[in-house]
Colleague: 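Below is a structure I'd like to ask you about.
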Amino acid sequence: MLKLKIKLLTALLLGVTIVNAQTGSYKFKRNITGVNAVWHKMILPNDLYKKANAGFDDFRIFGINGKDTVEVPYLLKQRADQVSTHDITFKQLNQSSGKDGYYYTFQAPGNNTINQINLAFKQENFDWKVKLEGSNDNQTWFSILKDYRILSIKNNVTDYQFTKLSFQDAKYQYFRIAIKSPTQPDLLEAKISKTDTIKGTYQDVKYQSFNLKNDVSSKETVIDVVLSGPVPLSFLKLNAQSDFDFYRPFKIEYATDSFKTDKGIQYNYANLYVGTISSLEKPEFNFTNTIASRLKITIQNNDNKPLRLSGLELKGNIYEIIARFDQPKSEYALYYGNEKATAPLYEIEKFESKIPIDLTSVNIGEEQKNSAYSIKTEKPLFENKAWLWVLMALIIVLLGWFSFKMLRN
């Protein structure tokens, strides 16, 4: 009976040792509940990003069933917009002029659906109104765009172009562009295309503070935005108004780290987006999904009156894990918080097309400290008393041996 108890205890200790060996290098864990099938998906909670490594290389999912520990393969997906552009083959039929301006007619083989035309001109400075029409017989024309403004400004302080015609899907064999201009436009290129967008999954992001400062000396408007914590960001809409048309260079930055100075805490920033905010385009900006907790928006006013800014809207793409649970009856948890971890390599990445489309969701629980986590810190050699005694003994032996040899000689 005693031998049986010893065996059971030994097996239990061995199982705990194996589990700890696999999970012991991760500081935190979150239990995963609701697993009842092989394939599941789960959305990462916002409060997880604060402790996880940049890039999420430290994410591991382990399943524990008795003394067996299994690592669960997974894919980390971010549900961003998927934009595809298909160029339409066409030929320019003619170029003419009339009392309403200059005309350019294009023909595409068959009836093609398009929603975008990108124009390029030799002129570097212009401000023109454009009318776009479509026809199936080159006789009867239907209006697509009217009084659409295109603009190009290039000088020592500004290099800005807006020459893209965007409109609802239009299906015609012929397209005609009329440009109202006092001089002949020198059209270099026209790219006709069909752009399709599969909308991603976004969540609204709230901010704690919005601090605006118009700096007269640098001729800039600087906005500091503080979020409630690190969250994914990929979209910003800035509510900007002016009594006149405007086009201002601007950039969006996010804080990468902070440091203390005599003037308080300062931040290092990296670029999220660099471009132009203009009255001709919607003040909506998309950029790579990035984990951020603090933003700085800088608008270059030059010698112009600052814009009226009344807040902003922020959104981020949701991060989602798709995982394969080979043993649904095991107890599963997500582990993270290992600075030395490298990204795992799972075979399911090569067979993503075979993963079922309709997956049920499981829940990621609250953060816990991983009880199996341990840090092995080795003390310097000479802080260890045992080594000091060994060293002293060795010195004594050597001194004795040299003394003995000297007496013999």
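Computed from a predicted model, the values in this text were never measured in an experiment.
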Colleague: Measure the spacing between NZ of K282 and CD1 of I277 and express it to the nearest 0.5 Å.
Modeller: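 So the gap between those two atoms works out to 14.5 Å.
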Colleague: Is S279 reaching over with its side chain to a backbone N or O of F246, donor-acceptor style, under 3.5 angstrom?
Modeller: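 Between the backbone of F246 and the side chain of S279 there is a qualifying donor-acceptor contact (under 3.5 Å).
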Colleague: Are a donor atom and an acceptor atom from the side chains of T105 and N94 found within less than 3.5 Å of each other?
Modeller: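 Indeed, the side chains of T105 and N94 share at least one donor-acceptor pair under 3.5 Å.
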Colleague: Where do D245 and R149 land on the side-chain contact (heavy atoms from CB on, under 4.5 Å) test, with the steps shown first?
Modeller: CA-CA 12 Å; D245 284 332; R149 190 178 179 189; 2.3 Å; yes
Colleague: Could you report the tightest heavy-atom contact between N53 and E339, atom names first, then the distance?
Modeller: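 In terms of heavy atoms, the two residues are closest at ND2-CA, 3.6 Å.
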Colleague: Roughly how far, to the nearest 0.5 Å, is the CD1 atom of I322 from the CG atom of L75?
Modeller: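 Reported value, rounded in 0.5 Å steps: 6.0 Å.
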Colleague: Just wondering, more than 12 heavy atoms not from F244 lying within 6.0 Å of its CZ?
Modeller: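 No, not enclosed.
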Colleague: Please check: side-chain N/O of S152 versus main-chain N/O of E124, any donor-acceptor pairing under 3.5 Å?
Modeller: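 Yes, because the side chain of S152 sits within donor-acceptor range (under 3.5 Å) of the backbone of E124.
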Colleague: Which atoms form the tightest heavy-atom contact between M42 and V362, and what is the distance?
Modeller: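 Taking M42 first and V362 second, the nearest heavy atoms are CB-O, 3.6 Å.
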Colleague: Are K206 and D204 ion-paired here, with the side-chain N under 4.0 Å from a carboxylate O?
Modeller: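 Looking at K206 and D204, the cut-off is not met.
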Colleague: Scan side-chain atoms only and decide if Y160 and S278 contain a donor-acceptor pair under the 3.5 Å cut-off.
Modeller: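 Note: Y160 and S278 side chains meet the donor-acceptor criterion.
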Colleague: Is N363 reaching over with its side chain to a backbone N or O of G365, donor-acceptor style, under 3.5 angstrom?
Modeller: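 No, N363 side chain to G365 backbone: no donor-acceptor pair under 3.5 Å.
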Colleague: Testing I192, N118, I177 for side-chain contact (heavy atoms from CB on, under 4.5 Å) with L165, which one passes?
Modeller: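 Single side-chain contact (heavy atoms from CB on, under 4.5 Å) partner of L165 among I192, N118, I177: I177.
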Colleague: If only side-chain N and O atoms count, and only distance matters, is there a donor-acceptor pair under 3.5 Å linking N46 with Q203?
Modeller: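 The criterion, which ignores hydrogens and geometry beyond distance, is satisfied for N46 and Q203.
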Colleague: Give the intermediate values and the outcome of side-chain contact (heavy atoms from CB on, under 4.5 Å) for residues L48 and L334.
Modeller: CA-CA 11 Å; L48 182 147; L334 172 66; 3.8 Å; yes
Colleague: Just by distance, with hydrogens left out, do Y172 and E133 show a side-chain donor and acceptor under 3.5 Å apart?
Modeller: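 No, E133 and Y172 have no side-chain donor paired with an acceptor closer than 3.5 Å.
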Colleague: Give me the atom names and distance for the closest heavy-atom approach of I61 to Y332.
Modeller: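 Where I61 meets Y332 most closely, the heavy atoms are CG2-CD2, 4.4 Å.
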Colleague: Is there a side-chain contact between K154 and D159, using heavy atoms and a 4.5 Å cut-off?
Modeller: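 K154 reaches D159 side chain to side chain.
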Colleague: Taking side chain as C-beta onward, heavy atoms only, is I150 less than 4.5 Å from F126?
Modeller: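 They are in contact (side-chain heavy atoms under 4.5 Å apart), so the answer is yes.
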Colleague: Does CD in E284 sit with more than 12 non-hydrogen atoms of other residues, nucleotides or ligands closer than 6.0 Å?
Modeller: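 Check passes, neighbour count above 12.
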Colleague: Within the structure provided, determine whether T290 and L233 are in side-chain contact (heavy-atom separation under 4.5 Å).
Modeller: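 Counting from C-beta outward, T290 and L233 never come under 4.5 Å.
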Colleague: Using 0.5 Å steps for rounding, measure from the CD1 atom of I179 to the OH atom of Y103.
Modeller: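 Spacing of CD1 (I179) from OH (Y103) equals 11.0 Å.
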Colleague: Donor-acceptor check, side chain of Q116 to backbone of K164, threshold 3.5 angstrom: yes or no?
Modeller: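 Flag not set: sc Q116 to bb K164 has no pair under 3.5 Å.
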Colleague: Counting only heavy atoms from other residues, nucleotides and ligands, does the tally under 6.0 Å from CD of E331 exceed 12?
Modeller: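 Check fails, neighbour count at 12 or below.
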Colleague: For the residue pair Y74 and F59, categorise the inter-ring angle as parallel (less than 30°), tilted (30 to 60°) or perpendicular (more than 60°).
Modeller: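 Judged by the thresholds at 30° and 60°, the geometry between Y74 and F59 is tilted.
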Colleague: Can you confirm whether F325 sits close enough to V38 that some side-chain heavy atom of one is under 4.5 Å from a side-chain heavy atom of the other?
Modeller: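 Not in contact.
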Colleague: Please answer whether the main-chain N or O of N289 pairs with a side-chain N or O of N317 as donor and acceptor at a distance below 3.5 Å.
Modeller: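 Checked: no pair found.
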Colleague: Stepwise, does the side-chain contact (heavy atoms from CB on, under 4.5 Å) test hold for W141 with Y174?
Modeller: CA-CA 9 Å; W141 293 93; Y174 301 93; 3.8 Å; yes
Colleague: Is the gap between the ring centers of F250 and F285 under 6.0 Å?
Modeller: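 When the ring centroids of F250 and F285 are compared, they turn out to be within the sub-6.0 Å range.
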Colleague: Begin with the C-alpha distance, continue with both residues' side-chain angles, and end with the deciding distance and a verdict on salt bridge (charged side-chain N to carboxylate O under 4.0 Å, His left out) for D58 and K27.
Modeller: CA-CA 10 Å; D58 57 335; K27 296 178 183 177; over 6 Å; no
Colleague: Taking all non-hydrogen atoms of both residues into account, name the closest pair between Y202 and K315 and its distance.
Modeller: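 Of all heavy-atom pairs spanning Y202 and K315, the closest is CD2-CB, 4.0 Å.
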Colleague: Do D169 and T113 have a side chain donor and acceptor closer than 3.5 Å?
Modeller: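 No donor-acceptor contact under 3.5 Å links the two side chains.
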Colleague: Cut-off 3.5 Å, side chains only: do S135 and D137 have a donor facing an acceptor?
Modeller: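 There is such a pair (donor and acceptor under 3.5 Å, judged by atom type) between the side chains of S135 and D137.
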Colleague: Measuring only between side-chain heavy atoms, which start at C-beta, is N302 closer than 4.5 Å to R248?
Modeller: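 Result no, sub-4.5 Å side-chain heavy-atom pair not found.
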Colleague: Please determine whether the number of non-hydrogen atoms from other residues, nucleotides or ligands lying under 6.0 Å from atom CG of L345 exceeds 12.
Modeller: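 It does not: L345 CG has 12 such atoms or fewer within range.
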Colleague: Ring of Y267, cation from R294 - is the NZ or CZ under 6.0 Å from the centre and inside 45° of the axis?
Modeller: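 Yes, a cation-pi geometry.
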Colleague: Between Q123 (side chain only) and Q184 (backbone N and O only), is there a donor and an acceptor less than 3.5 Å apart?
Modeller: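 Yes, because the side chain of Q123 sits within donor-acceptor range (under 3.5 Å) of the backbone of Q184.
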Colleague: Treating S242 as the side-chain partner and L307 as the backbone partner, does any N or O pair qualify as donor plus acceptor under 3.5 Å?
Modeller: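 Not confirmed, S242 side chain does not pair with L307 backbone.
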Colleague: Checking side-chain polar atoms at under 3.5 Å, does E367 have a donor or acceptor matched by the opposite partner on Y336?
Modeller: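 Yes, Y336 and E367 have a side-chain donor paired with an acceptor closer than 3.5 Å.
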Colleague: Hey, do the aromatic rings of W128 and F121 have their centres closer than 6.0 Å?
Modeller: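 Centroid distance W128-F121: below 6.0 Å, so yes.
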Colleague: For N338 and S25, run side chain to side chain donor-acceptor pair (under 3.5 Å): C-alpha distance rounded to whole Å, both residues' side-chain angles, the deciding distance at 0.1 Å, then the answer.
Modeller: CA-CA 6 Å; N338 180 352; S25 58; 3.2 Å; yes
Colleague: Which pair of heavy atoms, one from A240 and one from L309, lies closest together, and at what distance?
Modeller: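 Between these two residues, the closest heavy atoms are CB-CD2, 3.5 Å.
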Colleague: Please tell me if the side chains of T23 and N370 come closer than 4.5 Å, counting only heavy atoms from C-beta onward.
Modeller: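 Sidechains of N370 and T23: in contact.
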Colleague: Determine whether K171 and N136 satisfy the following criterion, side-chain contact (heavy atoms from CB on, under 4.5 Å), listing intermediate values before the conclusion.
Modeller: CA-CA 9 Å; K171 188 175 184 179; N136 289 319; over 6 Å; no
Colleague: Sort and list the pairs that fulfil salt bridge (Lys or Arg N to Asp or Glu O under 4.0 Å) and have at least one residue in residues 208-219, not counting sequence neighbours.
Modeller: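 Checked against salt bridge (Lys or Arg N to Asp or Glu O under 4.0 Å) - neighbours excluded - the pairs reaching residues 208-219 are K219-D303.
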Colleague: Side chains of F62 and K29: closer than 4.5 Å at any heavy-atom pair?
Modeller: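 No, every pair of side-chain atoms sits at 4.5 Å or beyond.
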Colleague: So how far is it from I114 CD1 to S193 OG, rounded to the nearest 0.5 Å?
Modeller: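 So the gap between those two atoms works out to 7.5 Å.
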Colleague: Distance check, rounded to the nearest 0.5 Å: I153 atom CD1 versus Q161 atom CD?
Modeller: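 That separation rounds to 10.5 Å.
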Colleague: Restricting to non-hydrogen atoms, name the atom on L145 and the atom on S166 that form the minimum distance, rounded to 0.1 Å.
Modeller: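 Minimum heavy-atom contact is CD2-O, 3.9 Å.
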Colleague: Are the ring centres of F175 and F90 closer than 6.0 Å?
Modeller: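 When the ring centroids of F175 and F90 are compared, they turn out to be at least 6.0 Å apart.
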Colleague: Got a second to check how far H86's NE2 is from N115's CG, nearest 0.5 Å?
Modeller: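 CG of N115 is found 11.5 Å from NE2 of H86.
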Colleague: Is any side-chain heavy atom of F162 less than 4.5 Å from a side-chain heavy atom of Y247?
Modeller: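 Contact flag for F162/Y247 side chains = no.
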Colleague: Quick check: does any side chain N or O of N301 sit under 3.5 Å from a backbone N or O of N304, one acting as donor and the other as acceptor?
Modeller: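 Checking the backbone N and O of N304 against the side chain of N301, no donor-acceptor pair under 3.5 Å is found.
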Colleague: Strictly by modelled atom types, are N214 and T221 linked by a side-chain donor-acceptor pair under 3.5 Å?
Modeller: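 There is such a pair between these side chains.
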